[in-house]
Amino acid sequence: MQILREIIEQPLESALADMGVEGDFWKQALGPSRERDQGDLSLPCFPFAKQLGRNPAEIANELATALSGVVDAEAAGGYLNFKANRDWLAQRVLSGFDTVGNKSVLIEHTSANPNGPFHVGRARNAILGDTMVRLHRLHGNEVRAEYYVDDMGKQVGVLAWALQNLSEADVADALVDMDDMNPKWKGKSDHETVRWYQAAQALRQDSIDKDAIEDEISRLVHASEHGDDAVLAQFEEAYSPVLEGMLETLSRLGIEFDTFTKESKFVVDGTVSALMERFESMEIHGMAENGAHFLDLGQRGMKGKTEFFYRRGDGSSLYATRDIAYHMWKWEQCDELINILGEDHKLQSKQVGMTLSELGEKVPEVMFYAFIKLPEGKMSTRKGNVVFMDDLLDEAQSHAAAIVRELRSDISDEEVATIAEAVGVSAVRFNIIKVNPDKGFTFSWDEALSFEGESAPFVMYAHTRACSINRKVGRAPQNVFPTDIPDAMHELMRVMACNRDIIALATGENRPHLFATQMLDLATAYNAFYRDCHVLMDGVVEEANYAVSEAARHMLRSGIEALGVIPLESM
RNA sequence: GGACACGUGGCCCAGCUGGAUAAGGCGGCGGCCUCCUAAGCCGCAGAUCGCGGGUUCGAAUCCUGCCGUGUCCGCCA
C-alpha cells in the first residue's frame with residue numbers, strides 16, 4: 001500500500017535514526033501485513049535487534065511509542081504493524097488516483113509466421129502481449145503494439161511455392177492421411193491456405209520430386225533474403241490472406257495492432273548489410289571455413305553454444321541478424337522495449353541481447369512464456385493434436401449461450417448471443433492470463449470453459465452488480481464520504497488502495513497475472529461489500545455506500561478492460 | 001552431455017525479491033434467494049511447499065547436490 005508507505009516512511013526513518021539504526025535496508029523489509037487484523041504494512045524488527053544488540057520485541061515497542069500520535073503503529077511479537085485509518089483510507093480512495101506512467105513503450109508480440117491459423121498455444125503470446133499493452137496504457141504509458149511480420153525465409157517460401165505449384169487436387173492428394181478441415185472454417189483464409197502449406201510440407205518429405213522441390217524453395221528463400229523485389233511480392237501475396245485470417249481471430253479476442261513491420265524492410269533498406277559490416281570489425285568476430293561469419297559470445301560470458309552466426313557463407317543474413325537491425329530501429333522510437341516470446345526463443349534472444357550490448361545499444365525487456373500442452377502431449381498440427389483458437393472461441397460462446405439461456409428467461413436471443421460472446425471470449429483470455437507465464441500448463445476444456453470461481457465471468461459479474469445499482473439509482477453519486485465504515489467496506493477500500501501498486505508491479509516486472517489476481521480480489525471484496533452494505537434500502541439511496549459502489553464500479557471496469565475482458569452491464 | 005525454466009492439498013494455481021498461522025479456485029460435504037442479478041455468499045474436510053544438504057535470528061522463497069517435467073543447444077525461422 002504505497003499511499004500508506006508514503007506517510008510512514010519519514011517519521012519511521014527519524015524514529016529509527018534516533019535509536020541509532022544505520023542505513024535504509026529496512027525499506028525492503030517494510031511490506032504488506034500477513035493478516036488483516038495486524039494492519040496494512042508491517043516492519044519486522046529482527047534485523048535491528050542484531051545491529052543494536054537488543055531484543056526485537058523491545059525495539060518494536062519503543063518504535064511504536066516513538067511514533068504514537070503520528071501514525072497508527074502497534075508492536076506485536078517483534079513486528080511493528082501500521083494501520084491506515086479507516087476514514088482517511090476511504091477519503092483517499094474515493095478521491096481517486098492519478099496515473100503515473102509517462103514513458104513511450106513499444107511492445108512487440110505475437111509476430112507468428114503467417115502460415116496457418118492460431119492454436120491455443122500460439123495465442124498465449126497474443127493474449128499476454130495484448131494484456132501488457134492494455135496494462136501499460138492503464139498505467140499511463142504511451143504504447144505502440146507492433147507485429148513483426150516474417151515475410152521472408154523458409155516458412156513463407158514453402159507456402160509461396162505451394163500456392164504457385166499445387167492445385168486443389170494436388171493438395172487434397174497430399175493430405176489424404178490428415179484430418180479434413182472443419183467445414184465450419186471453409187472460406188476463412190488462414191484455415192484454407194494452411195492446407196497448401198501442409199501439403200508442401202508433406203511433399204518435401206515424401207514426394208519423388210522432393211529434391212527438385214527443395215531446390216526451388218531454396219531458390220525462392222535465397223532470393224528473398226537478398227531482397228529480390230519480385231519474390232518478396234510473391235511471398236506477400238502468399239501470406240497476406242493467411243495473416244488476414246489470423247488477425248480476424250485475434251480481433252475476436254479484442255487484440256489489435258498499431259503497426260506491422262516487415263522483416264524484409266531491413267534487408268531492402270540496407271541496414272542489415274551495414275550492420276554486418278560493423279560486426280566484421282569487432283574483436284569477437286570470427287569466420288568459418290566456408291566463409292560464414294559469427295561473433296564469439298563466449299568471450300563475453302556466454303555459456304553453452306558460444307558462436308553466434310549472423311551471416312551465411314553465401315553472404316546472406318540470418319533471422320537473428322535481421323532481428324538485431326529491427327531492434328536498433330525500434331529503439332529509435334521508444335523509451336522502453338518489450339518483447340513477448342516463447343521459451344523456445346531464449347537462446348536466440350540472449351544472443352540478440354548480447355550483440356546489442358556489444359553494439360552499445362540497450363537490451364530489450366523480454367517476457368518469456370512456457371508452452372501450453374494438451375493432455376495428449378505437445379500440440380502438433382501434423383498429428384491433428386491441436387485446439388484451434390477459432391474452435392475454442394466458438395465452443396466457449398455456445399457453452400456460455402446455454403448457461404445464459406438457463407439463467408435469464410427475460411432477454412432476447414440477440415442479447416443472449418451478445419452476452420455469450422463476451423463471456424466466452426473473456427473466459428478464454430482470463431484463463432490464460434491468470435497463470436504465471438513461466439509455467440507451462442496443460443489445456444483443459446473444463447478449465448477454459450469454467451465460468452465460476454477464478455474466472456472472467458466472476459469479475460464481470462461483480463461489475464454487472466455495480467452497474468445494476470447504478471441503473472437503479474439513475475444519477476451520479478453525491479460527494480459524500482462514509483462515516484461509519486463496516487469491515488466489508490474497509491476491506492474493499494484496502495483492495496482498491498493497492499490497485500495502482502499492482503498495476504505498477506505487473507507492468508514493471510512483466511507479470512500480468514498479478515493484475516488478474518488483483519481483479520479477482522477486487523471482485524471478491526466488492527461481493528462482500530454488496531452483501532453487507534446495501535446501496536438501496538427500501539428505495540432510499542444510502543449515499544455513502546453508493547459513492548463507494550460507484551468508485552468500485554469504475555475501477556472494476558478499467559481493470560476488466562485492461563485484461564481484455566469485456567465489461568458487460570448486464571449478464 | 002551442456003544451458004535455461006518449472007515442481008506447492010485429489011486436481012489447477014498465488015505467494016509481491018527471506019519474515020508472524022502457506023492464500024485462492026475446482027472437485028467433495030453442509031448451509032443461504034418474501035432483501036440492490038445465487039455466474040454469488042457462508043461454513044467443514046484436505047499441505048512433511050519434489051528429495052537431501054547449506055546460509056540465516058528466521059527459508060516455499062537464497063546457495064548447492066540429486067530426482068522428475070519442459071524448452072533450447074541449425075550457416076532454420
Side-chain angles (χ1 to χ4, degrees), chain A residues 28-29 31-35 38 42-44 46-47 49-50 56 76-79 81 113 150 152-157 221 263 288 290-294 302-305 307 309-314 316 318-320 322-323 342-348 350 368 370-371 373 378 400 403-404 406-408 423 434-436 438-442 444 446-447 450-458 460-462 464-473 498 501-502 505-506 509 511 513-514 516-517 520-521 523-524 527-528 530-532 534-539 541-542 545-546 549 570-571:
Chain A
Q28 282 267 327
S33 309
R34 176 139 221 90
E35 299 296 323
Q38 287 164 349
S42 294
L43 179 72
F46 307 97
K50 189 157 206 183
Y79 289 83
N81 295 323
N113 283 314
D150 269 329
M152 51 194 300
K154 198 70 140 236
Q155 308 230 23
V156 203
V221 170
E263 192 180 335
N290 68 344
H293 295 226
F294 63 85
M302 174 77 101
K303 288 191 258 180
K305 182 185 158 59
E307 289 174 349
F309 280 89
Y310 67 85
R311 189 180 134 152
R312 293 197 186 91
D314 71 357
S316 61
L318 284 126
Y319 175 83
R322 290 168 232 139
D323 202 24
E343 60 180 345
D344 55 334
H345 282 69
K346 277 188 180 174
L347 174 61
Q348 174 95 258
K350 176 97 178 157
F368 292 105
F371 294 129
K373 300 185 294 273
K378 202 177 154 179
I403 291 173
V404 177
E406 201 176 299
L407 262 30
R408 303 283 301 270
V423 167
K434 75 176 176 185
V435 326
N436 186 331
D438 285 339
K439 291 206 179 172
F441 77 88
T442 303
S444 123
D446 280 354
E447 280 286 320
S450 163
F451 300 155
E452 295 170 6
E454 294 174 335
S455 68
F458 175 84
M460 294 164 76
Y461 190 73
T464 60
R465 281 175 149 179
C467 287
S468 169
I469 290 172
N470 169 272
R471 264 196 311 277
K472 287 203 159 74
V473 177
C498 294
D501 308 350
I502 306 285
L505 195 64
E509 298 189 1
R511 297 198 294 170
H513 69 286
L514 296 179
T517 304
L520 290 171
D521 290 345
T524 301
N527 282 335
Y530 180 87
R531 182 192 65 221
D532 292 350
H534 283 217
V535 170
L536 290 161
M537 300 282 277
D538 303 321
V541 179
E542 295 285 330
N545 289 354
Y546 185 46
S549 180
S570 165
M571 63 189 275

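Please read all numbers here as calculations on a predicted model, not as lab measurements. In the text below, chain A, chain B and the rest are named by the order of the sequence lines, each starting its count at 1.
- Comparing B:A14, B:C16, B:A20 by their closest approach to the side chain of A:S42 singles out B:A20.
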(request) Determine which bases of RNA chain B form Watson-Crick or G-U wobble pairs with both distances under 3.5 Å, and write the result as a 5' to 3' dot-bracket string with | for other-strand partners. (result) (((((((..(((......[....))).(((((.......))))).....(((((..]....))))))))))))....
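- Contact annotation for A:H293: no contact, since no heavy-atom pair falls under 4.0 Å across all strands.
- When distances run from any side-chain atom of A:Y319 to the nucleotides B:U17, B:A77, B:A39, the shortest one goes to B:A77.
- In the interface, the side chain of A:N81 is paired with the base of B:A20 through a donor and an acceptor atom under 3.5 Å apart.
- Distance noted for atom C1' between B:C12 and B:C6: 15 Å (whole Å).
- Applying the 4.0 Å criterion to OP1 and OP2 of B:C75, one finds that A:K305 has a side-chain N or O inside that range.
- For the C1' atom pair drawn from B:C75 and B:U71, the interatomic distance equals 23 Å after rounding to whole Å.
- Rounded to whole Å, the P atom of B:A45 lies 15 Å from the corresponding atom of B:G30.
- As judged by a 4.0 angstrom heavy-atom cut-off over every strand, A:F309 is placed among the base-contacting residues.
- Separation of the C1' atoms belonging to B:C26 and B:U21 is 24 Å when rounded to the nearest angstrom.
- Residue contacts for A:R311: at a heavy-atom cut-off of 4.0 Å it reaches no nucleic acid atom on any strand shown.
- With hydrogens and angles ignored, a donor-acceptor pair under 3.5 angstrom links the side chain of A:N290 to the base of B:C75.
- Between B:A47 and B:C33, the distance separating the two P atoms is 32 Å to the nearest Å.
- The aromatic ring of A:F371 does not sit over the base of B:U71; the criterion of centres under 5.5 Å apart with planes under 30° is not met.
- Nearest to the side-chain atoms of A:E35 among the listed nucleotides B:U21, B:A77, B:G15 stands B:U21.
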